[in-house]
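Working notes, structure below.
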Amino acid sequence: MSKHHVTATINGEPTEFLCETSQSLLDVLRDELELTGSKEGCTSGDCGACSVMLDGRLVCSCLVLGVEASGRTVDTIEGMAQGADLHPLQRHFLEGAALQCGICTPGFLIAARALLERTPDPTETEIRYWLAGNLCRCTGYDKIVRAVMDAAAEMRGAR
Amino acid sequence: MTAERKEFRWIGKRPVRPDGVDKVTGRAQFSADFNMPGQLIGKVLRSPHAHARIKSIDTSKAKALAGVKAVITGADFPSLPDEWVGAGRVEGNFKYFSENIIARDKVLYEGHTVAAVAAVSAAIAEEALSLIKVDYEVLPHVIDPVEAMAPDAPLLHEKMITRGMKTPPTKPSNVAKWAEFLMGDPVEGFKKADVIVERSYTTKAVHQGYIEPHAVAASTSADGQTVVWCSSQGQYQVRTWVSKIVGLPLSSIRVIPAEIGGGFGGKLIPYLEPLAVRMSRLTNRPVKITMSREDVFRATGPTSGAAMKIKVGATKDGKIVAAEGEFIFQAGAYPGSPFMNGLMCSFAPYAIPNVRTWGYDVVTNRPKAAAYRAPGSPIAAYAVESALDELAKKLNIHPVDLRLKNAIVEGTPSYFGPKFGSVGFVETLEALKKHPNYNIPLGPNQGRGFASGFWFNGGGESCATVNINDDGTASVIEGNPDIGGSRASMAIMAAEVLGIDYDKVRPIVGDTASLGFNHVTGGSRVTFATGMAVVRAAEDAVREMKERAAMLWDISPDAVTWEDGFARPAGDNAGKHEPLSLKQIAGQAAKTGGPICGHASLNAQAPGPGLGSHMVDVEVDPETGHVKILRYTASQDVGRAIHPSYVEGQMQGGVAQGIGWALNEEYIYDKNGRLENPGFLDYRMPVCSDLPFIDTIMIEKPVPSHPFGVRGVGEVPIVPPMAAVANAIHSAIGKRLTSLPMSPPKVRAAIDGDA
Amino acid sequence: MAHVVLPQVIVDRFTTGVAEVEVDAKNVRGLMKALDERYPGIAAVLEDEMAIAMNGSIYHDAYLEAVGADTEVYFIPRIGGGR
């Protein structure tokens, strides 16, 4: 069976790759493109560790086929910082100790950025429900929610 | 440097962790992120049966498939003697460990490894698995520990005789071990009691639930040297197990720790590593194996489920005069539940003159239990702390006051022998009473619950090296995987001793070849024991730098002091020489004797036990039985918070896991002993919207044996939550739930009076 | 003399009912040697299966640890994760 030739824009760069029909976008990112920042926790869309943006929409990359990325834009954790400048969410996760082991962190950051893009001033409850698709077993979510609130405040110039 | 020192420059601050940027940018390499040129992909064939004899395995078709490079079964591993090996570094029965990693004559649970394949692609490896023909003779199975103790229960290990009894039984059974602790005379004690509570409780097995599935890459070269990349709670432990289970010299194996995506006890023991190494040796190529989430649920962890009977008696004034507890713990397929810890931790927080605890370690047809955060203690505490709540209600004493009246203090004798040292239990209870959440009025269907918990905490072997660099910075090499911010605490402690800025200290976690032996990341030992090694190594570097300065000044090293990163002449020489900075001394190292490296190796002893007290408010939906956590307050004696944010994080994370254990998490088996919920959708761990903010109160009562007073903090927080939630539910609906999880159907049934 | 309290499982196996003994030893290594001279084989079992508790603290594998003159010494099961 021949592989598919796919062209997509990944983290702003025009990218070509070959993939099998059965390969998920997560497989392609990790195994073909060496973008291992997106993590595999379940392959069933339950943990959110593989969260990426596909044409500006938050998806679990384990539930998208690699071929589905054809002609579309994909944004992963690797594209979140601008060079050495961390995104405010990344900075507040660090300053607020919102990660312990760090395996879920890329997924949370991608999901939280998607929230703040549409809701710059979310309530605690909005944050909690938006992030309910991302599992963290270490933190009890307390410092994650606080870091998102702090980043949101900074991004809208409230502090 | 003593625990009494009050003013710290870095300890107690909250700097960004050294590995932080890599972890928020996706650069950090976890176990599944390693790939090597020419690597083969390994896949594992698992038993579909809960209990079966393996009559034969035919691998010929799988081996013949193009692209398959190795197929292994239990026959490819040495048989190990059926004996307990102890203690310290190598502890346990390696026959059991080996057979759990790959089955020999029998499979003992669904998911038990039967064979493994290495092939040039994942798809070919999968296909090869389907070509392996295993002829099973299916045997009757048993899932529940109480049923497994019945005289006619199917035997997992046909020759197993219960250990620990004065007169060993003559007939084999599923009870691997029995133990008892006794102080005073409970029978007489109960005669003095005005009020007695007697009740049975059950808990379900729960998984540690780390988000990163197990994964490994192993590579063997033609000279027999093997390198293993994997995430684990101890690279040295992995090395030992691979050596023993594959049958290789320890010195031929180097284990490089990957970043670890959660462990909680579940990554203390290897599962895949011996398989990958065996296949890499057969093929002389790198082999990578990754577990699926289903594999993780079916074949790793969890902690024990249990059945317990508790009896406590008190006089009218609230003094507990006698206590008894029976603890039946399910070990899974091989002996080794944490029942002994349960027996010792259960009543540990209380000064009770007459106590008897006894228990059973029972094998069942499910995955071998693994450690999970304060192993054994949370299970026992659910029962004991629920019973105490009931006792308080009967005595008409506030549950916190009942605990205060009976709390252990320094010098209280324990029922397992020794007297307690410095403990901050009373302080944790008093802190709860002072917290604003203690007096918030409750609405309809709301309730407030309290519970406490105990954990021994651990010490053990650690070593560390502190290298002073010529630019005035320091590198710290330690041997414990950083599972929740420990690099930050190591850097803080080193910076404190060296007197330089935190960001001038760079810690790394070394591989098995870069340092001597280090015990695992577990038992809340790392900040205590490895922290002690880092402090001593930094002090060793300071000693060396003082000697170098003394040489440059032509004075005795005893006449040099070290302050804030500078060597200063002291005594008669004070003021006679310009102080020399760490950077200045490092810059002249070549002339003054070569590189400046501090080192320390030790076996850290006398860890301080941890105690915590929790308070939770819940609201019960009378229609659905759903329990909502409204607010949660955790109070704990933390010894000394080196990096308070990560201490709070340990407390909050432990509480969240405990809430999951209390309300939702359980394994559901069908009648054939097959797990029905091996995924995160059906094994329901708490998500962000299930929880409120978790308030923490850190009480600092320094431990004398640690230079900065550190007390392990990671495990205590998971001990009280199940009972605290149960007690809050009772406070809300007037019904006592004695079986975990307290899921909506059970709560509904309790409201309806069926429980 | 240190006052040593032995757990029941050890008493059953080694000391024919004696649960408390006085031992003269400087450190844990000496304590183990002295106990083993009195009850041959006891030290190996204590070292493999037990931790030692003195003065409110718990010690594992601690030959070097000093044993004070009037110390009460207890043995308890080694604390582990369940094996």
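Letters A, B, ... mirror the listed sequences (proteins, then strands); counts begin at 1.
- The minimum heavy-atom distance linking P418(B) with I76(C) is given by the pair CD-CG2, 3.6 Å.
- The contact between W455(B) and chain C is made entirely by side chain atoms (from C-beta outward), counting heavy-atom distances below 4.5 Å.
- For F181(B), the part sitting under 4.5 Å from any heavy atom of chain C is the side chain, from C-beta outward, and nothing else.
- Looking at F416(B), the atoms closer than 4.5 Å to chain C (heavy atoms on both sides) sit in the backbone and in the side chain alike.
- For the atom pair CD1 (I58(C)) and CZ (F456(B)), the distance works out to 5.0 Å, reported to the nearest 0.5 Å.
- Proximity to chain B (any heavy atom under 4.5 Å) is shown, for V5(C), by neither the backbone nor the side chain.
- Note: E49(C) CD to R163(B) CZ = 6.5 Å, rounded to the nearest 0.5 Å.
- Distance check: H60(C) NE2 to E91(B) CD gives 7.5 Å after rounding to the nearest 0.5 Å.
- Contact of M165(B) with chain C is not made at all, since no heavy-atom distance falls under 4.5 Å.
- Taking 4.5 Å as the limit, some side-chain heavy atom of I79(C) sits within range of a side-chain heavy atom of M344(B).
- The contact between E72(C) and chain B is made entirely by side chain atoms (from C-beta outward), counting heavy-atom distances below 4.5 Å.
- Nearest heavy-atom pair across Q605(B) and Y59(C) is OE1-CA, 3.1 Å.
- Heavy-atom pairs under 4.5 Å with chain C peak, among A606(B), G421(B), S705(B), at A606(B).
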